[in-house]
J.: 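Right, I'll just put the structure down here and ask away after.
Just so you know, ligand 1 is whichever comes first in the structure, and atom 1 is the first atom listed for that ligand. Quantities reported herein were computed from a predicted structural model and do not represent experimental measurements.
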Amino acid sequence: MTHTMKHPVTVTVTGAAGQIGYASLFRIAAGEMLGADTPVRLRLLEIPAGLKAAEGTAMELADCAFPLVESIDVTDDPNTGFEGANLALLIGSRPRTKGMERADLLEANGGIFSVQGRAINDRAADDIKVAVVGNPANTNALIAASHAPDVPLERFTALTRLDHHRAVAQLALATGSPVDQIEGVAIWGNHSASQYPDLFHATVAGRSAVDLLTQQGLGQDWLENTFISKVANRGAEVISVRGGSSVASAAHAALMHVHDWVLGTGESWTSMAVPSDGSYGVAEGIISSFPVRCTGGVYEIIHGLEHSDFSQKRIAASVAELVEEKQAVASLGLLGPR
Ligand code: NDP
């Protein structure tokens, strides 16, 4: 390693033996998340049932002889897993299985994310940043944050970057333009079917996306009935075509969420689910997706955007779902002291 290398970063990945964990770890190790000048110390956290498979993943990581990897540790103890962590990707969660009620799912995940929140509170480094991928991601992030009162609230975020990428991809397809010409797409609300992918501030090569789409005969009807449902239901579409859930694209989104948070977006926007500051009528006390810009390791919500009645209603509907989820986990006693 040369003297130009940065200080090593400790990255904890939960659900490390799962599909998204497996698709993420090798790219993190290769430097695609934090850059080719940042060594990483990898912590693979699993539940006991996943421990052996995580050890197998660690063997493969070692066999890659990645120059950036300083250490690889596997554990099923959250306190050990988050010890000194600078970044945490909370990917592992309890999937909904047959016969499971919504409350059962929230409760099972509440158990996981409250324990992890406490361990992060007690053991992680002072600069810890948390990105929750495991669903229901926004509410899982809220549960973890509520159990970590000593960690600044804004360090808890959830993934809506895959929804953001899906929206960019659909806009590129509809306008026949390369993705790198697209700016200003935003995902609002919950990472669920109620999310609002918003093109009203988007541009394609500097021109209003909505004007371009309208010229092509793709008006409000296309936005409401084709685009939004395409983005919101893309996960199910991938399952039906691929025969398995979206894994590589979810892993990519998780990496880019952290990449941009740490290394910056420049002038561009991205979308992240972050604790609401009350703007746009989004209730404070929930973790909801907003357009953000990141600089120097800090994200800031893009303020001052004008919304049509249609956009306002869509955002309010998704926010209402998040408020309900919060009430449900609160009534199950899953929220912590924050
Ligand atoms: P995956 O790796 O495929 O998915 C992990 C989580 O990511 C799921 O909750 C999934 O939610 C969520 N997710 C978020 N966005 C997407 C997306 N776009 N597409 C698909 N999934 C998405 O699950 P596996 O079952 O393969 O692996 C989970 C692993 O987590 C297991 O190894 C298990 O042992 C582990 N685990 C670890 C825990 C811990 O470290 N404490 C706790 C619980 C589990 P959904 O499927 O609902 O959409």
J.: How close do Val247 and Ala23 get, counting heavy atoms only, and between which atoms?
T.: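 Looking at all heavy atoms of both residues, the shortest contact is CG1-CB, 3.9 Å.
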J.: Is any N or O atom of Ser246, backbone or side chain, closer than 3.5 Å to an N or O atom of ligand 1?
T.: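 Yes; at least one N/O pair falls below 3.5 Å.
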J.: Under the criterion side-chain contact (heavy atoms from CB on, under 4.5 Å), which of Gln195, His164, His165 is the partner of Val231?
T.: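 Looking at Gln195, His164, His165, the match for Val231 under the side-chain contact (heavy atoms from CB on, under 4.5 Å) is Gln195.
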J.: What I'd like to find out is whether the side chain of Glu46 reaches to under 4.5 Å of the side chain of Val74, using heavy atoms alone.
T.: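 No, too far: nothing below the 4.5 Å cut-off.
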J.: At their closest point, which heavy atom of Val319 faces which heavy atom of Ser288, and how far apart are they?
T.: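 What the structure gives for the nearest pair is CG2-OG, 4.1 Å.
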J.: I'd like to know if the side chain of Thr12 pairs up with that of Arg123 as donor and acceptor (distance under 3.5 Å, no hydrogens or angles considered).
T.: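 Side-chain D/A pair, Thr12 to Arg123: absent.
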J.: Nearest to atom 33 (C) of ligand 1, what protein heavy atom do you find, and at what distance?
T.: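 I find the closest protein heavy atom is Glu46 OE1, 3.5 Å.
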J.: Does the N or O separation between Arg94 and ligand 1 drop below 3.5 Å for any pair?
T.: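 Such a contact does not occur with ligand 1.
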J.: Near Ile47, which atoms of ligand 1 are under 4.0 Å from a heavy atom of that residue?
T.: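 Every atom of ligand 1 under 4.0 Å from some heavy atom of Ile47: 34 (O), 38 (C), 39 (C), 41 (N), 42 (C).
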J.: Have His252 and Arg27 got a donor and an acceptor in their side chains that come within less than 3.5 Å?
T.: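 Yes, Arg27 and His252 have a side-chain donor paired with an acceptor closer than 3.5 Å.
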J.: Who's the nearest protein heavy-atom neighbour of atom 14 (C) of ligand 1, and how far?
T.: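 Going by distance alone, atom 14 (C) of ligand 1 is nearest to Val133 O, 3.0 Å.
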J.: Please indicate, with yes or no, if any protein heavy atom is found under 4.0 Å from atom 25 (O) of ligand 1?
T.: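 Protein heavy atom within 4.0 Å of atom 25 (O) of ligand 1: absent.
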J.: Closer than 4.0 Å to some heavy atom of Ile91 - which atoms of ligand 1 meet that?
T.: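 Within the 4.0 Å cut-off of Ile91, ligand 1 contributes 5 (C), 6 (C), 7 (O).
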J.: Glu321 pairs by side-chain hydrogen bond (donor to acceptor under 3.5 Å, both in side chains) with which of Asn190, Asn138, Thr139?
T.: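 Only one of Asn190, Asn138, Thr139 forms a side-chain hydrogen bond (donor to acceptor under 3.5 Å, both in side chains) with Glu321, namely Asn190.
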J.: Does ligand 1 have any atom sitting under 4.0 Å from a heavy atom of Gly235?
T.: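 So Gly235 does not count as touching ligand 1.
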J.: Going by atom types only, do Thr157 and His257 share a side-chain donor-acceptor pair under 3.5 Å?
T.: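 The criterion, which ignores hydrogens and geometry beyond distance, is satisfied for His257 and Thr157.
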J.: Considering only the protein, which heavy-atom contact is closest to atom 23 (O) of ligand 1, and what is its distance?
T.: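 That would be Gln19 N, 4.4 Å.
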J.: Report, in ascending order of atom number, the atoms of ligand 1 lying under 4.0 Å from any heavy atom of Ile112.
T.: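 Matching atoms, with element in brackets: 42 (C), 43 (C).
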J.: Go through ligand 1 atom by atom and flag the ones less than 4.0 Å from a non-hydrogen atom of Leu162.
T.: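 Those qualifying, in numeric order: 18 (N).
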J.: What residue and atom, counting heavy atoms only, is the protein's closest point to atom 45 (P) of ligand 1, and at what distance?
T.: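 Result: Asn135 ND2, 3.6 Å.
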J.: Under 30°, 30 to 60°, or over 60°: which ring-plane class applies to Trp269 and His201, parallel, tilted or perpendicular?
T.: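 Correct class here is tilted.
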J.: I need the nearest protein heavy-atom contact for atom 28 (C) of ligand 1: residue, atom name and distance, please.
T.: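 Its nearest protein heavy-atom neighbour is Gly18 CA, 4.0 Å.
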J.: Starting from atom 21 (N) of ligand 1, locate the nearest protein heavy atom and write down its residue, its atom name and how far away it is, to 0.1 Å.
T.: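 Protein heavy atom with the smallest distance to atom 21 (N) of ligand 1: Ile20 CD1, 3.5 Å.
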J.: Which option wins on minimum heavy-atom distance to atom 8 (C) of ligand 1: Ser93, Ala251, Ala49, Ser245?
T.: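 The option holding the nearest heavy atom is Ser93.
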J.: Please assess Lys230 against Glu237 for the test salt bridge (charged side-chain N to carboxylate O under 4.0 Å, His left out), listing each intermediate value before the final yes or no.
T.: CA-CA 9 Å; Lys230 186 89 182 170; Glu237 193 186 354; 3.2 Å; yes
J.: Going by the atom numbers of ligand 1, which of them fall below 4.0 Å from some non-hydrogen atom of Gln116?
T.: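 Checking each atom against Gln116, I get 39 (C), 40 (O), 41 (N).
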J.: State whether a side-chain donor-acceptor pair under 3.5 Å links Arg161 with Thr270.
T.: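 Yes, a side-chain donor-acceptor pair sits under 3.5 Å.
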J.: May I ask you to list the atoms of ligand 1 that are less than 4.0 angstrom from any heavy atom of Gly92?
T.: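 With Gly92 as reference, the close atoms of ligand 1 come out as 30 (O), 36 (N), 37 (C), 43 (C), 44 (C).
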